[in-house]
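These notes are about the structure you will find just below.
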Amino acid sequence: MDFKLEIAKAIGKASSLDYTEVLSGIEIPPNSQMGDYAFPCFRLAKTLKKSPQIIAQEISQNIIKPDFIERIEIQGAYINLFTDKENFAKEILKEVLNKKETYGSDTLGNGKTIVIDYSSPNIAKPFHVGHLRSTVIGNAIYKIHEFLGYDCQGVNHLGDWGTQFGKLIVAYKNWGSKTAVEEKGIQELMRIYVIFHDEAEKNPSLEDEARGWFVKMQDGDSEALELWKWFYDISIKEFDRVYKMLDVEFDAYTGESFYNDKMAAVVKELKDKNLLQESEGAMIVDLEEEKMPPCLIIRKDGGTLYATRDITAALYRKNKYNFEKCLYLTALDQNLHFAQWFKVIEKMGYNWSKDLVHVPFGLVSLDTGKLSTRKGNVVLMEELLNQAVKETAKIIEEKNPNLPNKEEIAKQVGIGAVIFNDLYNGRIKDVTFSWERMLSFEGETGPYVQYTNARACSVLKKAENFNLNEIDYSVLKDENSVEVLKLIYDFPNKIKEAANKYEPSMVSRALVDIAQAFNKFYHDNPILNSEENVKNARLAIVLSVNTVLTTGLKLLGIKAPEQM
RNA sequence: GAAUCGGUAGCUCAGCCGGAUAGAGCAACGGCCUUCUAAGCCGUGGGUCGGGGGUUCGAAUCCCUUCCGGUUCACCA
């Protein structure tokens, strides 16, 4: 039941106001002594030409109290409503225990497809902490939307095309060797790539040579493409190791190269629509009216650019998926790029340009400065995950040495900590990578939530069989129980809000809130040693918390071990 | 210079479609394990919500202005 909506309807009737208007005014008081819901009447004073206190009085006198409301109090201009705690507990627990792992899910996305472009690392470059955000935020947004009924299509738009491969080919021919690349993989590709940049500073003709090789790739030159494919395969193999650790999957690996043979048609379309013009030898779409720099489509040497491929990919995706929304999970520094080519799509006459959404996140840096693969200022993803698992294993050895299946649990908790850490703050915030923060397992962290859940599981296991058919809800009126129940009740809203805002942190925050409330409840209320009716009622709460935490962690792409 | 994102406790951040005493975690200090997992719980200290104006019955929240920091701005992605 939507309590807020029912209250709004009741107040609407009592005041002859439209209930949707009332609904937006209903709020949750800062503490529960003031009530569970409140409706401030200040706003009505002007239109009704009465003091807000009097309005509050009048409404409260006329209101027909819904069943779940125990009493109504007036405090100044506030109408404070107190829920009947027994009924409240009953409504919520029944719903969670019935729906189980589907509690919080929805059908609102049924029949709608949402394409999510995330992770998208560059081939031939190591997978480092800079790629973590796009990967885990995208994955969480995927799972959250899926839970709400959407058909999600996760696309890994690999950076597998572009001048950098021309550079790599030049580098390989000059300073590389087959055996070294076969032995050391990306590391070796990276090494020769760095050499290229150093050498190109002294000898700029190398850049032209690199661009030349890229043009050859575009034209289908077999030598160029064979080398490219080789680099590609080596890279994918390494990326897959990381994706497996993070338990992230994609529906498509259509990277930039996939669009090589599809761009000409798009360029022609731009030309036919009179959007393309020459400038300084390059072909651009002018965006002066939009107060943006021009969008580069074709370089003066004929090469295509990032925007060309993004535009082509968008048209392809619209055609293939007929998406409701297409999301792009990239760092904030690409704002302009997306604004530009979204505008180009609009100018092409596609009204679905409004369905293209850049979902940006803040930049990651190290305390030693900006991330730079070339300068070697990076933390590799595998190194981070392995370290987190190692650290977790140490803690398990300390705290729970008899834990079965230790290695697996260490992985679930260690990697969960890394993922949760990234998903806990608003995505727009810049982050400075810190080992200390990554490997802290106390307080607002993934392990804290997992640990809370493991405690709940442990109680449930020890309870063996218990009766959830006849629960005495009257024993759940204490403050701790009510607090847990309120948060569980609100959880489905948090999921929807997270989807609307493309903000997984709404879910992670909700999980920490629930975990905190539950730990307090757990600490203060004996469960298994209580009388039968109390025990069963409290176990219903424990089971509900277990259900919600497991669901929430799953939505974030984090495992919920039953023991740790 | 223009655009864009940030500025809330020592640190990391919530709160920002206006509402009742501004919240967490970490760090510091002090308590709680013969009872369901102490990766936990409780308590103490800690704030000119960057500054200044304005709108409003009411502003951390909206508007203007200003300062500080990040990022981007033509052939990289």
Side-chain angles (χ1 to χ4, degrees), chain A residues 24-25 27 29-31 34 38 40 42-43 45-46 51-52 75-78 80 120 122 125 159 161-164 167 211 256 279-284 291-301 303-307 309-310 330-337 339-340 360-363 365 370 392 395-396 398-400 403 413 417 421 424-426 428-432 434 436-437 440-452 454-463 505-506 509 512-513 515-516 519-530 535 538-539 542 563-564:
Chain A
S24 66
E27 47 191 66
N31 73 59
M34 292 168 154
F42 301 102
R43 236 177 273 171
K46 242 179 206 165
S51 86
Q75 232 172 80
Y78 287 91
N80 291 334
S120 310
N122 290 330
K125 287 191 186 172
W161 204 245
T163 314
Q164 76 265 31
K167 294 180 184 176
R211 277 192 274 266
E256 297 190 77
S279 170
E280 298 173 32
M283 299 303 281
I284 64 161
K291 292 186 174 145
M292 281 189 262
C295 184
L296 273 279
I297 303 294
I298 305 281
R299 296 193 315 227
K300 64 179 163 213
D301 66 0
T304 56
L305 287 136
Y306 190 31
R309 296 188 278 276
D310 271 344
T330 83
L332 188 58
D333 58 4
Q334 292 187 31
N335 262 355
L336 179 61
H337 164 73
Q340 284 176 309
F361 49 83
L363 270 63
S365 57
K370 274 170 87 169
T392 308
I395 294 172
I396 290 175
E398 232 172 73
K399 304 198 185 247
N400 200 355
L403 181 71
V413 175
N421 179 270
Y424 192 61
N425 289 336
I428 206 70
K429 296 270 180 184
D430 287 345
V431 292
T432 305
S434 141
E436 195 194 328
R437 236 172 287 141
S440 88
F441 300 150
E442 285 165 27
E444 299 164 330
T445 65
Y448 173 80
V449 176
Q450 289 173 317
Y451 175 77
T452 306
R455 276 177 138 182
C457 288
S458 172
V459 175
L460 293 170
K461 201 173 168 193
K462 286 192 175 149
S505 65
M506 308 273 340
R509 299 255 163 197
V512 167
D513 289 344
Q516 283 174 338
N519 280 324
K520 196 178 274 192
F521 165 89
Y522 175 94
H523 184 267
D524 292 355
N525 298 326
I527 300 161
L528 300 176
N529 298 327
S530 309
K535 184 178 111 176
R538 287 183 179 162
L539 280 168
V542 177
Q563 285 182 68
M564 65 184 267

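These figures come from a predicted structure and were not determined experimentally. Numbers restart at 1 for each chain; the letters A, B, ... are given by sequence-line order, proteins then strands.
Comparing the P positions of rC26(B) and rG70(B) gives a spacing of 30 Å, expressed to the nearest Å. As rounded to the nearest Å, rC67(B) and rA14(B) have P atoms that lie 26 Å from one another. With P as the reference atom, rU4(B) and rC76(B) are 26 Å apart, rounded to whole Å. Spacing between rG46(B) and rA22(B) at atom P, rounded to whole Å, works out to 14 Å. When the C1' atom is used for both rC11(B) and rC17(B), the distance is 31 Å, rounded to whole Å. With both ends at atom P, the span from rA27(B) to rG23(B) equals 22 Å, rounded to whole Å. Rounded to a whole angstrom, the distance from the C1' atom of rC49(B) to that of rA9(B) is 10 Å. For the P atoms, the distance linking rG10(B) with rG47(B) amounts to 7 Å, nearest Å.
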For nucleotides 55-59 of chain B, tabulate all protein N/O to nucleotide N/O atom pairs closer than 3.5 Å, reporting atom names and distance.
none

Nucleotide N/O to protein N/O under 3.5 Å, stretch nucleotides 69-71 of chain B:
unit_1, atom_1, unit_2, atom_2, d
rG70(B), O2', Asp430(A), OD2, 3.2

For nucleotides 44-47 of chain B, list the nitrogen or oxygen atoms of the protein found under 3.5 Å from its nitrogen or oxygen atoms, one pair per line.
none

Protein and nucleotides 62-64 of chain B: nitrogen or oxygen contacts under 3.5 angstrom:
none

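Tyr522(A) contributes atom OH, which lies 6.5 Å from atom OG of Ser458(A) (distance to the nearest 0.5 angstrom). From Arg538(A), atom CZ reaches atom CG of Asn525(A) across 4.0 Å, with rounding to the nearest 0.5 Å. With values rounded to the nearest 0.5 angstrom, Glu256(A) atom CD is found 8.5 Å from Thr304(A) atom OG1. Note that the OG1 atom of Thr452(A) and the CE atom of Met564(A) stand 8.5 Å from one another [nearest 0.5 Å]. Here the NE2 atom belonging to His337(A) is positioned 11.0 Å from the CG atom belonging to Leu296(A), to the nearest 0.5 angstrom. Between the CD1 atom of Ile527(A) and the CZ atom of Arg455(A) there is a distance of 9.5 Å, given to the nearest 0.5 Å.
Residue Gly426(A) is the one, among Arg211(A) and Gly426(A), whose nearest nucleotide of RNA chain B lies closer to the 5' end (criterion: closest heavy atom). Summary of the strand contacts: Thr452(A) and Met506(A) both lie near RNA chain B, and taking for each the nucleotide with the nearest heavy atom, the more 5' one is attributed to Met506(A).
Note: CG (Asp310(A)) to P (rC76(B)) measures 15 Å, nearest angstrom. Separating the CG atom of Asn519(A) from the P atom of rG40(B) is a distance of 8 Å, rounded to the nearest angstrom. Atom NZ in Lys462(A) sits about 6 Å away from atom C1' in rC36(B), given to the nearest Å. Taking atom CD1 of residue Ile396(A) and atom C1' of nucleotide rU37(B), one finds them 13 Å apart after rounding to whole Å. Rounded to whole angstrom, the span from the CG atom of Leu336(A) across to the P atom of rC5(B) amounts to 13 Å. rA20(B) atom C1' lies 8 Å from atom CD of Gln75(A), rounded to whole Å. Going from atom NE2 of His337(A) over to atom C1' of rU4(B) covers 16 Å, rounded to whole Å. Summarising the geometry, the separation between CG on Asn335(A) and C1' on rA3(B) is reported as 9 Å, rounded to the nearest angstrom.
Shown here, rA20(B) forms no base pair; nothing in the strands shown gives a Watson-Crick or G-U wobble contact with both key distances under 3.5 Å. With a cut-off of 3.5 Å on both pairing distances, rA60(B) has no Watson-Crick or G-U wobble partner at all. The pairing partner recorded for rA2(B) is rU72(B), the criterion being a Watson-Crick or G-U wobble arrangement whose two distances lie under 3.5 angstrom. For rU37(B), there is no paired base (Watson-Crick or G-U wobble, both distances below 3.5 Å). Nucleotide rA28(B) forms a pair with rU44(B), judged by Watson-Crick or G-U wobble geometry with both contacts under 3.5 Å.
The side chain of Leu305(A) has rA77(B) as its nearest neighbour among rC41(B), rA77(B), rA74(B). For Ile428(A), whose side chain is taken as the heavy atoms from C-beta onward, the closest listed nucleotide among rA77(B), rC36(B), rC5(B) is rC5(B). Distance from the side chain of Asn425(A) is smallest for rU12(B) among the nucleotides rA39(B), rA77(B), rU12(B). Distances from the side chain of Pro294(A) to the nucleotides rU37(B), rC13(B), rA74(B) place rA74(B) closest. Nearest to the side chain of Tyr522(A), among rC13(B), rA38(B), rA77(B), sits rA38(B).
Applying the side-chain contact (heavy atoms from CB on, under 4.5 Å) test to Ile395(A) and every residue at least two apart in sequence or in another chain returns Lys399(A), Phe441(A).
Residue contacts shown for Asn525(A) include a base, since a base heavy atom lies under 4.0 Å away. Looking at heavy-atom distances under 4.0 Å, Thr163(A) makes contact with sugar-phosphate atoms alone, never a base. Within 4.0 Å of Pro29(A), counting heavy atoms only, lies at least one base atom of the nucleic acid. Using a 4.0 Å heavy-atom cutoff across all strands shown, Ala38(A) reaches at least one base atom of the nucleic acid. If you check every strand for non-hydrogen atoms under 4.0 Å, Val431(A) touches nothing. Residue-level contact check: Gln450(A) touches neither bases nor backbone, having no heavy atom under 4.0 Å from any strand. Counting non-hydrogen atoms under 4.0 angstrom, Met564(A) reaches a base of the nucleic acid. Residue Pro293(A) is classed as a sugar-phosphate contact, given heavy-atom separations below 4.0 Å to backbone atoms only.
Between Tyr306(A) and rA77(B), a side-chain N or O to OP1/OP2 separation shorter than 4.0 Å is absent. Taking only side-chain nitrogens and oxygens, Lys461(A) never comes nearer than 4.0 Å to OP1 or OP2 of rC36(B). The phosphate of rA39(B) has OP1 or OP2 within less than 4.0 Å of a side-chain N or O from Lys399(A). Note on Lys300(A): every side-chain N or O is 4.0 Å or more away from OP1 and OP2 of rA74(B).
Looking at Asn400(A), its side chain never comes within 3.5 Å of a backbone N or O of Ile396(A) through a donor-acceptor pair. Looking only at distances, no side-chain donor or acceptor of Asp430(A) sits under 3.5 Å from a matching main-chain atom of Gly362(A). Proximity of a side-chain donor or acceptor of Arg509(A) to a complementary backbone N or O of Tyr424(A) within less than 3.5 Å is detected. Under a 3.5 Å cut-off, the side chain of Thr445(A) and the backbone N or O of Tyr448(A) do form a donor-acceptor pair.
Residue side chain Ser279(A) reaches the base of rA74(B) through a donor-acceptor N/O pair under 3.5 Å, judged by distance alone. Remark: the Asn80(A) side chain and the rA20(B) base include a donor-acceptor N/O pair separated by less than 3.5 Å.
Using a 90° window around 0 for the glycosidic torsion, rC32(B) falls outside it and is classed as anti.
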**Item:** Under 4.0 Å protein heavy-atom contacts per nucleotide of nucleotides 21-33 of chain B, with B for base, S for backbone only and - for none
**Value:** B--BSS-------
